[in-house]
Amino acid sequence: MSIGLSFTGKIDSPKALLEGANILAEERKYRLTAGDAGMKVIMCPLGGELGVLWRPEGDPAGPWLVRGGCVSTPAGAGLHRAAVELLDSLPIQALTVEDETGFYRHRDFRRMKEEHFYPWLRTLVDVCRRESGKGVSGMQLCWDLEQYAPEDIPDTVVTPMGRFRLSELAELEKQGIEALAERFFLWNGRTQDAGFFRNRAINTLWEDCCFAPSARSQEDAAVNTSILDDLERAARLDPSLPLPRSAYRELCALAEREPALPDGPELTEEFEPGYRKGLITHAVGALRLTLPGSCLCGWEQWEQGGAHIWSDGTGQGPVWRVVAYRTREGDARFTGRLDSLHGVEQRKLKGGALRWGWKDIREAGERLYQAECEIITGPALYFLTATCSAPSDLGQVAQTIGRIAVVSNRAQKETVQAQF
């Protein structure tokens, strides 16, 4: 269930298209990425990109055929308009656009919102209204299943723009669909106005911000700076717009930046921004690993293969690594590599089992403590390590291993199908 557009056309060459796209991206403050077979122009978060693929029509000297599209929800009608206007400006000939909203043809922004984006939003509110009061858990709307899952709070819904009580979205709708749209869609206006910069900051606060000092990592510094810049720009464009000022002041302290927001209204909501202030659950295949949201995550490349890695960025807390394996035939079994560890324990999981223990290790002359864990589910074997600097950290590691779960292929499919 989404709103978007698709197109086909012809270009003289990929080089000519990329040159034109690069000029437009710089003018409009978009981001451009390109490969051998296509490009993406990223206009905003929440999937706000126009994708273009190309291939030669016959002779590589040209012309070339192109096709592509843009999915405008959940980002909003402003993204849809921006994508259409970008298509207008790109050097594409014989352009044919399939726009389910009709906006490419009639260019009536208000009509597009009222006939397509507002009904789409009302449908989501109806879903929440039906589930409200039932104690439903784990409900997500427009959430990217490729990323982590936030901590579960019954009778609430997780969205890219924050956590809401299921009943809250229905109450907001009663105030008028436009008021709800201004809060739910990242880009609801015609242009990148104050609401756009406020909502882009809110999305980053909820999804990406670790509320960690900027000095901890380049990632923290970039996220903190982008939020502060967006909120300050929103205030300049519309001083009367309610902003998450408490979170702004908190980030100013973490970024060692002098607050610059003028006096104005506070955006007051039940839940303070920041999924990553709590525990979040990462997916590695069927494995579900729940860690503090403040952990930095990445990929550690090895000479052969590599591992998913998480750490607190300070060198104090445990460093977690996960490697995934798969048997060629039959179900996976535990190996014998844990047999010599201290305190080996084994337990069943719904859909699998795990086994873990710990040992002393020496690294750069330092004594460390490492937990090792094997998790099996169907043909998959996951090998997990948690390396600590103090034996007292093993208690925290044990708690984390106690929260490990696995998800069957069927459950993963049902989860995907339940998303909007």
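Everything numeric here is computed off the predicted structure, so don't read it as measured data. Each residue takes its place number in the sequence, starting with 1.
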Within a strict 4.5 Å, meaning less than it, do heavy atoms of the D12 and P91 side chains meet?
no

Pairing donors with acceptors under 3.5 angstrom, does anything connect the side chains of T73 and S2?
no

Establish, yes or no, whether a centroid distance under 6.0 Å links the rings of W356 and F383.
no

Decide yes or no for T377 and Y382: does some side-chain heavy atom of the first lie under 4.5 Å from some side-chain heavy atom of the second?
yes

Test item: L166 and K134 side chains (from C-beta on) under 4.5 Å apart, heavy atoms
no

So for atom CZ, which belongs to R67, do other residues, nucleotides or ligands contribute more than 12 heavy atoms lying within a distance under 6.0 Å?
no

Between D108 and K113, does any NZ, NE, NH1 or NH2 come within less than 4.0 Å of an OD or OE carboxylate oxygen?
no

Would you say R81 and T101 are linked by a side-chain donor-acceptor pair, where the criterion is simply a distance under 3.5 Å?
no

Check whether any side-chain heavy atom of D193 lies under 4.5 Å from a side-chain heavy atom of F196, and answer yes or no.
yes

Close side-chain approach of P160 and E207, heavy atoms under 4.5 Å
yes

Can you label the angle between the F103 ring and the H80 ring as parallel, tilted or perpendicular, going by 30° and 60°?
perpendicular

With the threshold set at 4.0 Å, does a side-chain nitrogen-carboxylate oxygen contact exist between R200 and D229?
no

Which class fits the ring pair Y275 and W206: parallel under 30°, tilted 30 to 60°, perpendicular over 60°?
tilted

Between E98 and S6: side-chain donor-acceptor atoms closer than 3.5 Å
no

For the residue pair T335 and E374, confirm or rule out a side-chain donor-acceptor distance under 3.5 Å.
yes

Heavy-atom side-chain proximity of L279 to R403 below 4.5 angstrom:
yes

Just by modelled atom types, is the G133 backbone N or O under 3.5 Å from a matching donor or acceptor in the D155 side chain?
yes

Lys NZ or Arg CZ of R111 over F109 ring: under 6.0 Å, within 45°
no

With a 6.0 Å cut-off (strictly less than), is the heavy-atom count around NZ of K40, excluding the residue itself, greater than 12?
no

For the pair R276 (side chain) and C295 (backbone), establish whether a donor and an acceptor sit closer than 3.5 Å, ignoring hydrogens and angles.
yes

Does the side chain of L254 reach to within under 4.5 Å of the side chain of L251, using non-hydrogen atoms?
yes

